[in-house]
Each structure stands twice: as C-alpha cells, then as structure tokens.
Amino acid sequence: MLVSRIMTRDVKTLSPKNTINDALNLINEHHIRHIPIVQDEEVVGLVTDKDINLALPSILNTHSETTIHHPLEDIMKTRVMFTSPRDFVEELAVDFLEFDVGAICVIQSKKLVGIITQTDIMEAFIEITGMKIPGSIIEIDVLDRPGIVYDIGKILYDLNIVAVSITIFDNTEKEGHKFVVIKINAMNPMFVINKLEEMGYDVVDPLNRG
C-alpha cells in the first residue's frame, strides 16, 4: 500500500515564530497531536502535544520558565523523519517501530504534501488484513515452498470462497515453515477448515496453540 493512499493531505502547520499558545489552539481546534513547523515552504521542525506538555511548567516540572508565549522554535524537534508519497506503508511501519516516532512528514519536491501518524499505520494494517469486512480467519502452518498460496487459493476457489486478505509470516518454532493467515468471506469457516485438513493442511487451532 502506498503512503499516498493513507496520508493526511490537509496538514495543519505553523512557523518557528508562532507561539506555543498558537500550537495549543491548533491542536484543540483540529484534534491533532503533531504539527509540522514550516519555513520558506520547507519543514524545519515538528512539535507535538507531548513536547508542549514537557516544556510548560507542571507539578513534575516546576523549574520550567517556558510560557505559552514562547516561540515554537524553542521547543520544536529539528530532526524530523521524512518519507515520499510513493513509499510503501508496510516499510514505513518498520521506521515507526525502530525509531519510536509518532509521525512522519511526507515530502515531494522538498515540499510538505502530507503526514503519517501511528494511528494511520494501525488503520492501514486493519485495512490490509480486511478486519472491517465480515468473515472468518483461518491460520495454516505450511512448509515454505513455491506455489503454496496458489494451492490454497485453488481450494478456496473450488469452494466458491473469496479470500478477503492473505498474510504470511515466519513460524519461528519450525524451520522452513510459515503461517498463512486467510480472512475469508464466510462467517462459519468449518467447511473450509475441514476441506483444508482433508487435503493435508495443518490448520492451527487457536485453543491449542502455544
């Protein structure tokens, strides 16, 4: 899935000279948590609601002299992560996890065209796996070999069953094996499970796993 499909295009931005109060107003008005800081049409920083909370005086931070009238350049992060609209969401998700960031700015020709947040990544995962579509999930432990997805797909075809999504990941407990997780358009998966087992496939029973 391309970043351009899920990014927020109407990005709310401020300049380094805008105040913390300006940022608070923008956050409250638009229910956002991340504000790119733009100067001369280029992103020079990022401010989050967490940055503001940490900067302002509080019970846990009584020594802070920062006020809501201070400019954002005093508290903004200047090391901002960027991506392209043509990058893949699946690869970008690794960056979110590895670098523990809350948002990544989407840049095209050095200009801000969008923003991706952790929430966007989670929503993309839900869409990719078809979780919003009614149906059932079947997990199969298979030997990793060419054509395995085709063979399983043929069984579904013969049963007139549509695969809403197919996800494959390593079985770390069995060398050379993978799990194939299929979301199908049937509320009762038992006749599909029975056919798979009849054909020699090891369908994982979640009650007996681990």
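- Within the structure, side chain to side chain donor-acceptor pair (under 3.5 Å) contacts touching residues 88-110 (residues at least two apart or in different chains) do not occur.
- Taken from CD in Gln39 to CD in Glu73, the straight-line distance is 8.0 Å, to the nearest 0.5 Å.
- No side-chain heavy atom of Ile37 sits under 4.5 Å from any side-chain heavy atom of Leu46.
- To the nearest 0.5 Å, the span separating OG on Ser84 from CE on Met7 amounts to 9.0 Å.
- Clustering ILVMFWY residues whenever any of their side-chain heavy atoms sit less than 4.5 angstrom apart, transitively, puts Met131 in the very cluster that holds Phe179.
- Listed by chain and number, the hydrophobic cluster partners of Ile166 are Ile138, Ile140, Val142, Ile148, Val149, Ile152, Ile155, Leu156, Leu159, Ile161, Ile168, Val180, Ile182, Ile184, Met190, Phe191, Val192, Ile193, Leu196, Met199, Tyr201, Val203, where partners are ILVMFWY side chains within reach of under 4.5 Å, directly or through others.
- When all heavy atoms are compared, the tightest approach of Leu56 to Ile68 is CD2-N, 3.9 Å.
- Closest approach of Met187 and Ser136 over heavy atoms only: O-OG, 2.8 Å.
- Using a 4.5 Å cut-off on side-chain heavy atoms (C-beta onward), Glu197 and Asp202 make no contact.
- Of all heavy-atom pairs between Ile6 and Ala124, the closest is CD1-CB, 3.8 Å.
- Under a hydrophobic-cluster definition in which Ile, Leu, Val, Met, Phe, Trp and Tyr are linked whenever side-chain heavy atoms come within less than 4.5 Å, directly or via other members, Val43 and Val101 are assigned to different clusters.
- A continuous path of Ile, Leu, Val, Met, Phe, Trp and Tyr side chains, each step under 4.5 Å between heavy atoms, connects Leu112 with Val80, placing both in one hydrophobic cluster.
- Salt-bridge annotation for Glu42 and Lys111: absent, with no side-chain N of the basic residue lying under 4.0 Å from a carboxylate O of the acidic one.
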Determine, stepwise, if the pair Val106 / Thr83 fulfils side chain to side chain contact (heavy atoms under 4.5 Å, CB included).
CA-CA 5 Å; Val106 186; Thr83 188; 3.8 Å; yes
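- Atoms CG and CG, from Leu143 and Asn171 in turn, are 11.0 Å apart once rounded to the nearest 0.5 Å.
- At a threshold of 4.5 Å between non-hydrogen side-chain atoms, the residues Lys174 and Asp141 count as touching.
- In the displayed structure, Lys178 atom NZ is contacted under 6.0 Å by more than 12 heavy atoms of other residues, nucleotides or ligands.
- Counting only residues at least two apart or in different chains, side chain to side chain donor-acceptor pair (under 3.5 Å) contacts with residues 156-168 comprise Lys154-Asp158.
- For the pair Ile104 and Phe96, the tightest heavy-atom approach, listed with the atom from each and the gap, is CD1-CE1, 3.5 Å.
- With Asn53 contributing its side chain and Lys50 its backbone, the two residues share no donor-acceptor pair below 3.5 Å.
- The environment of CZ in Arg86 is sparse: at most 12 heavy-atom neighbours from other residues, nucleotides or ligands sit within 6.0 Å.
- Here CD1 of Ile32 is found 9.5 Å from OG1 of Thr8. Values are rounded to the nearest 0.5 Å.
- One hydrophobic cluster holds both Ile128 and Leu92 under the rule that ILVMFWY side chains link at heavy-atom gaps under 4.5 Å.
- Using a 4.5 Å heavy-atom cutoff, the side chains of Phe169 and Val181 are in contact.
- Side-chain contact between Arg9 and Val113 is absent, with no heavy-atom pair separated by less than 4.5 Å.
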Candidate pair Arg33 and Ile27, rule side chain to side chain contact (heavy atoms under 4.5 Å, CB included), full reasoning:
CA-CA 6 Å; Arg33 296 177 56 198; Ile27 286 170; 5.9 Å; no
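- Note: the hydrophobic cluster containing Ile115 does not contain Val3 (ILVMFWY, side chain heavy atoms under 4.5 Å, direct or indirect links).
- Salt bridge Lys12/Glu29: absent, no basic N to carboxylate O contact under 4.0 Å.
- Residues Leu72 and Ile20 meet the side-chain proximity criterion, which asks for heavy atoms closer than 4.5 Å.
- With rounding to the nearest 0.5 Å, the separation of CG in Asn25 from CG in Asn18 is 10.5 Å.
- Side chains of Val47 and Ile52 form a contact here, defined as non-hydrogen atoms less than 4.5 Å apart.
- Panel note: side chain Lys77, backbone Gly45; no donor-acceptor pair is recorded below 3.5 Å.
- Side chain of Asp144 to backbone of Gly176: no donor-acceptor contact under 3.5 angstrom is found.
- Asp51 and Thr48 form a side-chain donor-acceptor contact under 3.5 Å, judged by distance and modelled atom types alone.
- Within a 6.0 Å radius of CE in Met1, other residues, nucleotides and ligands contribute more than 12 heavy atoms.
- Taking CD1 of Ile121 as the reference point, atom CD1 of Ile126 lies at 12.0 Å (rounded to 0.5 Å).
- Using a 4.5 Å heavy-atom cutoff, the side chains of Val44 and Pro16 are in contact.
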